[in-house]
There are 2 protein chains.
Amino acid sequence: MHRHEGHDACHAGTGDMLARAEGLCRERGLQFTPLRRDVLEAVAEAGKAQGAYDIAERLSVPGKRVAPVSVYRALDFLMEQGLVHRIASRNAFIPCTHGHAPGEGVIFLICRTCGGVDEASSEEVEGSLGRTLERAGFTPTHSILEVEGDCGACRDRKPAP
Amino acid sequence: MHRHEGHDACHAGTGDMLARAEGLCRERGLQFTPLRRDVLEAVAEAGKAQGAYDIAERLSVPGKRVAPVSVYRALDFLMEQGLVHRIASRNAFIPCTHGHAPGEGVIFLICRTCGGVDEASSEEVEGSLGRTLERAGFTPTHSILEVEGDCGACRDRKPAP
DNA sequence: GGCGGCGGTGATACACTGTAACAAACCCGC
DNA sequence: GCGGGTTTGTTACAGTGTATCACCGCCGCC
Ligand SMILES: [Zn+2]
Ligand SMILES: [Zn+2]
Ligand SMILES: [Zn+2]
Ligand SMILES: [Zn+2]
């Protein structure tokens, strides 16, 4: 869940996220390498959607540069495992904090003020979208639904004029 | 030129589209310049979503090159006037063949086989999405909904089993 | 031990997408 | 014709993503 109370709250789930990722990779017989771990950690700690180049810069230290291409490869892996999502409207990436049923759609709620991205899902939206597509004679394989606006915390913080 | 080659989803036809655009610009006191006209025509004739650089190349002839930056400016104008849409998941542009009520959402149906993009809208999807957002305490300003899959024509043409 | 395949990483180069900045051309009313 | 806004040309650059090859570490096999 996306929280705005402060950094501690935002970062609280990072450890859990890493532990979950490690377990999931072991379970699937895949390698949770240091680079993949670092990329996931960087995405999880950021509190907002991160570009691949942002991650590369964040992970680079004097004497040890992480090239964007390596970040892209790690992100591809993490996306295949469902640990990270790509936000098409921002060319940026977020950690998955939701845990999805197979085939379930996701709605990304992107706050234009704080930049945070929350995930939601809705059987109702799924159903009505499915009916609309069927009516149009269209067979879907994949869909993206991204909403921009103001999250509750930011709306409360700046009450209407 | 080539207007009746395929079964293409030129619902309205390129000519109608250009006439509509010209009338709309006159009505709003805006300039429907040759470049803007050419860009809209290129997008409308393509039959599938076009990248800005594709359009630039299509409009360029020996001795008269159209720079991508000019295409981007024309596309910005056409998008402001609601004559063209941008497909975020493809970094590409399509002509608007739908005609939208103000504030109405759009669903883009992107065929992975023929590359064509159709538009749909649904009060039902709008409503259920609005309720889901309200439940999440999120105030939307703009949303994108893009579905990838197979259009009816392509599904019929390749009967699977 | 040596050896070869395999997946992951490093490194460079490149393609694609989009924007900033400034100059020149154009249009339109005065 | 003149002045001011708009449109376009041109160049340069920033941002995003991919291709390619080489190297390394690991594991199974001879
Ligand atoms: Zn998720
Ligand atoms: Zn916010
Ligand atoms: Zn439209
Ligand atoms: Zn199709």
Side-chain angles (χ1 to χ4, degrees), chain A residues 21-22 25-26 28-43 46 48-81 83-94 115 144 146, chain B residues 21-22 25-26 28-43 46 48-81 83-94 115 144 146:
Chain A
E22 188 172 0
C25 287
R26 183 171 16 241
R28 298 179 186 174
L30 301 170
Q31 303 180 37
F32 191 56
T33 66
L35 177 64
R36 291 168 179 175
R37 203 204 81 99
D38 290 348
V39 169
L40 179 57
E41 186 178 29
V43 172
K48 50 184 259 190
Q50 295 287 291
Y53 281 66
D54 297 331
I55 299 169
E57 189 177 355
R58 180 184 283 245
L59 294 182
S60 291
V61 293
K64 171 68 172 152
R65 172 177 169 264
V66 176
V69 61
S70 297
V71 174
Y72 277 109
R73 285 189 289 228
L75 287 170
D76 287 343
F77 172 85
L78 295 170
M79 281 193 290
E80 279 169 17
Q81 304 314 316
L83 295 165
V84 160
H85 297 295
R86 182 179 139 84
I87 307 297
S89 60
R90 295 278 181 117
N91 296 327
F93 303 84
I94 60 166
I144 69 174
E146 303 178 4
Chain B
E22 187 172 0
C25 287
R26 183 170 20 241
R28 298 179 186 175
L30 301 170
Q31 303 180 37
F32 192 56
T33 66
L35 176 64
R36 290 168 179 174
R37 203 203 81 99
D38 290 348
V39 169
L40 179 56
E41 186 178 30
V43 172
K48 50 184 256 189
Q50 294 287 291
Y53 279 66
D54 297 331
I55 299 168
E57 189 177 355
R58 179 184 285 246
L59 295 183
S60 291
V61 293
K64 171 71 172 151
R65 171 176 170 265
V66 177
V69 61
S70 297
V71 174
Y72 276 110
R73 285 190 289 227
L75 288 170
D76 287 343
F77 172 86
L78 295 170
M79 281 193 291
E80 280 168 16
Q81 305 313 315
L83 295 164
V84 160
H85 297 296
R86 182 180 138 83
I87 307 297
S89 60
R90 296 277 181 116
N91 296 326
F93 303 84
I94 60 166
I144 70 174
E146 302 178 5

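Just the heavy atoms: all of them, side chains too, but no hydrogens, waters or symmetry mates, feed the values below. Proteins come first, then strands; the chains are lettered A, B, ... in the order of their sequence lines, and each starts at number 1. Keep in mind it's a predicted model, so treat the numbers as computed, not measured.
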Give, for atom CZ of A:R86 and atom CG of A:L78, the distance between the pair rounded to the nearest 0.5 Å.
-> 14.5 Å
Nearest-0.5 Å distance that lies between atom CZ in B:R28 and atom CD in B:Q81 | 5.0 Å
May I have the distance from [X] (atom [atom1]) to [N] (atom [atom2]), rounded to whole angstrom?
X     : N      : atom1 : atom2 : result
A:L35 : D:dC24 : CG    : C1'   : 15 Å
B:F93 : C:dC16 : CZ    : C1'   : 13 Å
B:D54 : C:dC16 : CG    : C1'   : 10 Å
A:Y53 : C:dT17 : OH    : P     : 15 Å
A:Q81 : C:dG8  : CD    : P     : 10 Å
B:Y72 : D:dT8  : OH    : P     : 17 Å
A:D38 : C:dG8  : CG    : P     : 16 Å
A:Q31 : C:dC6  : CD    : C1'   : 10 Å

Within a strict 4.5 Å, meaning less than it, do heavy atoms of the B:R90 and B:E146 side chains meet?
-> no
Within a strict 4.5 Å, meaning less than it, do heavy atoms of the B:F77 and B:L30 side chains meet?
-> yes
[N] phosphate, OP1 or OP2: any side-chain N/O from [X] under 4.0 angstrom?
X     : N      : value
B:T33 : D:dT8  : yes
A:R65 : C:dG10 : no
A:N91 : D:dG17 : yes

Choosing from [options], which nucleotide comes nearest the side chain of [X]?
X     : options                : answer
B:V69 : D:dG17, C:dT12, D:dT10 : D:dT10
A:R36 : D:dT8, C:dG18, C:dT9   : C:dT9
A:S70 : D:dG9, D:dT16, C:dG10  : C:dG10

Which residues share a side chain to side chain donor-acceptor pair (under 3.5 Å) with B:R37, sequence neighbours left out = B:E41
Please work out if B:R86 contacts a base, only the sugar-phosphate, or nothing of the nucleic acid, heavy-atom cut-off 4.0 Å.
-> sugar-phosphate
Is A:R73 side chain donor-acceptor paired with the C:dG10 base, going by distance under 3.5 Å alone?
-> yes
